[in-house]
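Reviewing the structure listed below.
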Amino acid sequence: MSAPFLAGVVAGYGIAVPVGAIGALIAGLSARTSLRVGAAAGMGAATADGIYACVAVAGGAAVAGVIAPVAEPLRWAGAVVLLALAAWTAWGALRSTGAGERDERPATALRAYAGILGLTLLNPATVIYFAALVLGNGGAGGGIWFVVGAFLASASWQLLIAGGGSLVGRLLTGRRGRLLTALTSSLVIAVLAIRLLTGS
């Protein structure tokens, strides 16, 4: 197994394992809907990590330098989107529980994939992280294997999160259980979004 592939695996787990707002969103989505939708959301996050790993390998320090000036506005945009998602999730859960029915527009795998892909791409720190690792390892030698390793590591972790969320969802299948998971997910996402805004 090549050294760049192993470096990519380590880098992929390094960026994916700390569970932040995206992980909470994937787990909550999987708990409230299905493993299929949660897994699609997880693959959206992994795809974003793969894209950023590819960009880092291709551009390295130049890409990080271009992204650095817009990092702050992107951080704010990401936090605002997360707060909106938290509010929407809580409102939808309260509305469907009060009406005794589920949301009339259930999440689809494609919508979950695209939404999480877009939201994860709002985090420019990922490409800076990958660029620093690539440059620290002497440039982009074996770059494709680094990208493959990072993508596979991220995908395996995101699918594990989706599976855990689905398991929780099966344990909490009643109306109260769905409400509890939705409100908990909303609260966690809101707290993480506020932390993103405050930089703490």
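Keep in mind that what you see is a predicted model, and the values were worked out from it rather than measured.
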Legend entry - Stepwise side-chain contact (heavy atoms from CB on, under 4.5 Å) test for Val147 and Ile51: CA-CA 8 Å; Val147 173; Ile51 289 170; over 6 Å; no
Legend entry - OG on Ser166 to CG on Leu29, rounded to 0.5 Å: 10.5 Å
Legend entry - Nearest-0.5 Å distance, CD1 of residue Ile116 to CG of residue Leu25: 4.0 Å
Legend entry - Closest approach of Ile22 to Ala45 (non-hydrogen atoms, all atoms of both residues): CG2-CB, 4.0 Å
Inset, instruction - Mark yes or no for whether Ser30, through its side chain, and Gly165, through its backbone, hold a donor-acceptor pair below 3.5 Å. - result: no
Inset, instruction - Look at the side chain of Tyr113 and the backbone N and O of Met43, then say whether any donor-acceptor pair between them is shorter than 3.5 Å. - result: no
Inset, instruction - Return yes if some donor-acceptor pair links the side-chain N/O of Ser154 with the main-chain N/O of Ala150 below 3.5 Å, else return no. - result: no
Legend entry - Shortest non-hydrogen separation from Ala16 to Asp49 and the atoms involved: CB-OD2, 4.5 Å
Legend entry - ILVMFWY cluster, Leu110 and Val37 together (side-chain gap under 4.5 Å): no
Inset, instruction - Determine the minimum heavy-atom distance between Gln158 and Ala46, stating which atoms define it. - result: CG-N, 4.3 Å
Legend entry - Side-chain (Trp145) to main-chain (Pro4) donor-acceptor, under 3.5 angstrom: no
Legend entry - Which atom of Ala11 lies closest to which atom of Phe146, heavy atoms considered: CB-CZ, 3.9 Å
Inset, instruction - Dump the intermediate steps for side-chain hydrogen bond (donor to acceptor under 3.5 Å, both in side chains) on Thr120 and Tyr52, then the final yes or no. - result: CA-CA 10 Å; Thr120 308; Tyr52 272 151; over 6 Å; no
Legend entry - side-chain contact (heavy atoms from CB on, under 4.5 Å) between Tyr13 and Trp157, intermediate numbers included: CA-CA 7 Å; Tyr13 281 126; Trp157 183 256; 4.2 Å; yes
Inset, instruction - Work out which heavy atom in Phe151 is nearest to a heavy atom in Gly50; give both atom names and the distance. - result: CB-CA, 4.3 Å
Legend entry - Heavy-atom closest pair, residues Val9 and Ala153: O-CB, 3.3 Å
